[in-house]
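Beneath this line is the structure, given in structure tokens, with notes to follow.
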Amino acid sequence: MRYSKLLIPTLKEDPAEAEVVSHKFMLRAGMIRKLAAGIYTYLPLGYRVIRKVENIIREEMDRAGAQELLMPAVQPATLWQESGRWEHYGRELLRFKDRKDTDFCIGPTHEEIITDLVRMNVRSYRELPINLYQIQTKFRDEIRPRFGLMRGREFIMKDAYSFDRDEAGVDESYQKMYKAYCRIFERCGLKFRAVEADTGTIGGSFSHEFMVMADTGEDTIACCDTCSYAANTERAEIREAKTPASPGPEAALEEIATPGRKSVEDVAVFLHVPPERLIKTLIVMDGKGHAAAALVRGDHELNEIKLKNHLGWASIEMADEETVRKVTGGPSGFSGPVGLKGIPVVADPAVKSISNAVAGANRQDMHLCNVNVPRDFRPDEFKDIRIVKDGDGCPRCSGTLHLSRGIEVGHVFKLGTKYSESMGATFLDEDGKSKPMIMGCYGIGVGRTAAAAIEQNNDQNGICWPLPIAPFSVLVLPLNVKSEEVRGAAEKIYEELNSSGIDTLLDDRDERAGFKFKDADLIGIPLRVVIGDKGLKDGIVEIKERKSGEVTKVPLANATESILKMIRK
RNA sequence: CGGGGCGUGGCGCAGCCCGGUAGCGCACCUGCUUUGGGAGCAGGGUGUCGGAGGUUCAAAUCCUCUCGCCCCGACCA
């Protein structure tokens with residue numbers, strides 16, 4: 001295409017609203033424009049990237065045996081009420097009424113719709129397994145959209161749903177998708193890792209997230225340095241550390257005044273005790289009148305998701321002051337396990353091995369010293385409920401876990417029968433019995449994948465697109481379009497590349513060289529062919545690789561051939 | 001939802017405290033010169049100062065309300 005005919009409104013200055021590089025460069029390179037918070041228009045350049053990513057996804061999904069369809073974005077509440085999520089999904093689900101006052105929502109995901117479709121149309125085991133997918137715009141009314149396409153409210157997502165007769169089948173479907181995802185992200189030129197993850201609102205039994213490694217990522221993942229174990233910190237298990245061989249002798253329990261010292265840090269400093277000698281007691285509640293106490297070592301952090309899953313609660317939050325007083329008898333900041341009654345007490349295993357610990361006394365401005373398990377208290381159970389730290393032990397081997405940041409671009413779930421049972425998606429098996437289908441679901445954030453690619457591939461001057469998802473593969477840049485010779489050579493190369501099926505952009509604008517170079521670097525086309533009077537005098541054009549900056553000078557006559565060679569390499 | 005900040009030409013901002021003709025840089029349009037890393041000169045267009053109400057002779061500026069956007073938080077007891 002010709003640059004002069006394309007809408008590519010590049011910006012010289014950083015837009016004030018952009019925080020991360022991918023957002024900045026997408027705005028500056030004229031790929032996206034914001035319409036409202038978390039809602040963006042894809043301009044021609046940006047949409048080309050989106051389509052490249054989509055097509056890679058399509059090819060790999062089709063190769064894996066999935067079938068493409070397209071479901072409505074607007075969904076009736078009745079289906080969501082059937083699955084029970086109309087009540088449980090929360091404010092993220094954008095709801096509205098039509099003119100007849102019927103409730104609808106804009107789909108944040110499509111389990112209900114696909115399950116409805118399949119239960120109406122698939123009845124026999126002979127028709128299973130089946131895997132259906134779509135690439136479609138979703139809407140989730142995020143608390144706080146940010147980072148451009150990284151966390152938008154409206155976004156393009158590929159979502160696939162598999163239906164199987166039995167466990168073995170769903171395992172196979174899951175594995176197929178897992179492999180397809182690996183191929184997709186490899187083809188997109190991304191450094192990524194598949195990690196074990198929590199299943200969140202979608203529900204289900206087992207899942208992996210596909211994380212693109214990037215320091216700006218919103219998720220933290222723990223990877224073992226020895227084996228292949230990797231997990232989101234929301235889920236990452238921790239190998240229980242061995243208890244110290246000889247804990248000190250147990251001293252007598254003692255109450256001590258700690259006026260105004262509520263936080264672990266304040267108490268530790270005040271009593272001259274390291275934080276790891278403290279027991280942090282957190283009172284949590286589920287919003288339905290249940291409360292529980294969680295104990296973790298002072299220098300550890302509670303993993304609410306682990307605790308929530310362990311307690312089997314639908315939601316979890318820190319207890320308010322009133323609840324804390326009711327449950328512990330003291331104000332918040334001074335809660336402790338000794339004498340705590342009437343609510344379940346879950347302790348992290350690390351709490352077991354603290355000898356002569358410090359804990360809240362459940363009284364204003366008082367703490368207890370020399371607290372010991374089991375002499376002074378016995379938790380109802382010990383359970384890994386803390387957040388993994390860099391350097392913790394791997395749960396699968398003797399290795400060590402290290403933390404790094406990632407961007408979640410894909411997620412595969414084994415859903416089980418959660419939706420098929422609540423919505424009656426059953427089939428008749430060989431034995432003539434009606435059974436619920438076993439489901440899996442598999443998502444990829446298309447825009448987020450593009451954004452993640454920029455996070456991994458950029459420099460000071462702009463984006464360095466990986467070839468497979470670049471908006472164009474080659475940029476032909478004549479320095480002076482007023483020169484017949486230069487323009488002629490550029491047009492020739494442009495035509496030849498086009499007819500070889502290469503996505504080529506011709507910068508035919510009558511602009512100064514420096515201006516065009518700056519734009520070229522910004523929009524990040526992988527290969528740039530520069531044609532100028534000077535070079536042409538010697539029959540030479542330059543090919544520059546965006547990422548490496550490497551320049552190759554080739555004879556004009558061989559230019560197209562050389563470029564094709566570099567692309568197909 | 002809590003805290004902080006910001007809405008002034010397409011973009012980035014100044015002006016607001018202390019009310020008195022709406023400005024700067026970039027971008028845009030015209031012409032000439034220039035032409036291998038965001039050119040120079042000359043000329044030009046561009047704004048309901050986010051919106052509504054109020055105070056005032058007079059409001060971008062002061063007051064009230066409202067809408068939008070950005071950042072931090074919404075575990076650290």
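Throughout, a chain's letter reflects where its sequence line sits, starting with A, and its residues are numbered from 1. Being a predicted model, the structure only gives us computed values, none of them experimental.
In this structure, the nucleotide among rG36(B), rC71(B), rG38(B) sitting nearest to the side chain of Glu19(A) is rC71(B). When distances are taken from the side chain of Ser263(A) to each of rG37(B), rC75(B), rC76(B), the shortest belongs to rC76(B). Here rC1(B) is the nucleotide among rG37(B), rC1(B), rC75(B) with the atom lying nearest to any side-chain atom of Ile143(A). In this structure, the nucleotide among rG73(B), rG37(B), rG36(B) sitting nearest to the side chain of Ala513(A) is rG36(B). Between rC13(B), rC69(B), rC76(B), one nucleotide has an atom nearer to the side chain of Ala37(A) than all others, and that is rC69(B). Nearest to the side-chain atoms of Lys12(A) among the listed nucleotides rC1(B), rG38(B), rG36(B) stands rG38(B). In the set rU34(B), rG38(B), rC70(B), the nucleotide with an atom closest to the side chain of Arg512(A) is rU34(B). Which of rC69(B), rG37(B), rC76(B) sits closest to the side chain of Lys280(A) comes down to rC76(B). Taking only side-chain atoms of Glu301(A), from C-beta outward, the nucleotide of rG37(B), rG36(B), rC76(B) with the closest atom is rC76(B). When distances are taken from the side chain of Leu479(A) to each of rG37(B), rG36(B), rG38(B), the shortest belongs to rG36(B).
Applying side-chain contact (heavy atoms from CB on, under 4.5 Å) to Lys389(A) and the options Asp299(A), Thr233(A), Leu401(A) leaves one that passes, Asp299(A).
Counting any heavy atom pair closer than 4.0 Å across all strands shown, Glu13(A) reaches a base atom. Looking at heavy-atom distances under 4.0 Å, Gly532(A) makes contact with a base. Across all strands, Asp533(A) comes closer than 4.0 Å to no nucleic acid atom at all (heavy-atom distances). Residue Arg28(A) is in base contact, counting any heavy-atom pair closer than 4.0 Å across all strands shown. Contacts of Ser335(A) with the nucleic acid, taken as non-hydrogen atoms under 4.0 Å apart, are absent. Among the protein residues, Arg297(A) comes within range of no part of the nucleic acid, since none of its heavy atoms lies under 4.0 Å from any strand. Within 4.0 Å (heavy atoms only), Glu265(A) reaches no atom of the nucleic acid at all. If you check every strand for non-hydrogen atoms under 4.0 Å, Gly360(A) touches nothing.
rG15(B) and rC28(B) have their P atoms separated by 27 Å, with the value rounded to a whole Å. To the nearest whole angstrom, the two C1' atoms, one in rU21(B) and one in rU61(B), are 15 Å apart. The same atom, P, is picked in rG20(B) and in rG5(B); the two are 24 Å apart, to the nearest Å. Distance noted for atom P between rG51(B) and rC57(B): 24 Å (whole Å). To the nearest whole angstrom, the two P atoms, one in rG38(B) and one in rC75(B), are 50 Å apart. When the P atom is used for both rG10(B) and rG50(B), the distance is 13 Å, rounded to whole Å. rC24(B) and rG19(B): their C1' atoms are spaced 22 Å apart (whole Å). Across the P atoms, rC13(B) and rC6(B) are found 12 Å apart, a figure rounded to whole Å.
Using Watson-Crick or G-U wobble geometry with both donor-acceptor distances under 3.5 Å, rC16(B) finds no partner in any strand shown. Across every strand in view, rG2(B) sits in a pair with rC72(B) that passes the Watson-Crick or G-U test at under 3.5 angstrom. Look at rC41(B): its Watson-Crick or wobble partner, with both distances under 3.5 angstrom, is rG31(B). Applying the Watson-Crick and G-U wobble criteria (two distances, each under 3.5 Å), rA58(B) pairs with nothing in any strand. rG25(B) and rC11(B) make up a base pair, with Watson-Crick or G-U wobble contacts both under 3.5 Å. Under the Watson-Crick or G-U wobble criterion, with both distances below 3.5 Å, rA52(B) is paired with rU64(B). rU46(B): no Watson-Crick or G-U partner with both key distances under 3.5 Å is found in any strand.
Residue-to-nucleotide proximity on RNA chain B shows that, of His300(A) and Ile531(A), the 5′-proximal contact is made by Ile531(A). In terms of position on RNA chain B, the residue among Ala16(A) and Lys516(A) whose nearest nucleotide sits closer to the 5' end is Ala16(A).
Between Lys34(A) and rC70(B) there is a side-chain N or O to OP1 or OP2 distance below 4.0 Å.
In this structure, Arg48(A) satisfies the cation-pi test against Phe472(A), with its NZ or CZ atom closer than 6.0 Å to the six-membered ring centre and inside 45 degrees of the ring normal. Cation-pi check for Lys262(A) over Phe334(A) is not met; the charged atom does not lie both under 6.0 angstrom from the ring centroid and within 45 degrees of its normal. Remark: Arg95(A) is not positioned above the aromatic ring of Trp80(A), lacking an NZ or CZ atom under 6.0 angstrom from the ring centre and at most 45 degrees off the axis.
Looking only at distances, a side-chain donor or acceptor of Arg33(A) sits under 3.5 Å from a matching main-chain atom of Leu27(A). For the pair Arg386(A) (side chain) and Val296(A) (backbone), a donor-acceptor distance under 3.5 Å is absent.
Aromatic ring pairs are classed by plane angle as parallel below 30°, tilted from 30° to 60° and perpendicular above 60°; the pair Tyr42(A) and Tyr47(A) is tilted.
In this structure, CZ of Arg509(A) is placed 13 Å from C1' of rG37(B), rounded to the nearest angstrom.
Residues Ile354(A) and Arg297(A) form a side-chain contact, since some pair of their non-hydrogen atoms from C-beta on lies under 4.5 Å apart.
Checked by distance alone, Lys544(A) brings a side-chain donor or acceptor within 3.5 Å of a matching partner on the base of rG37(B).
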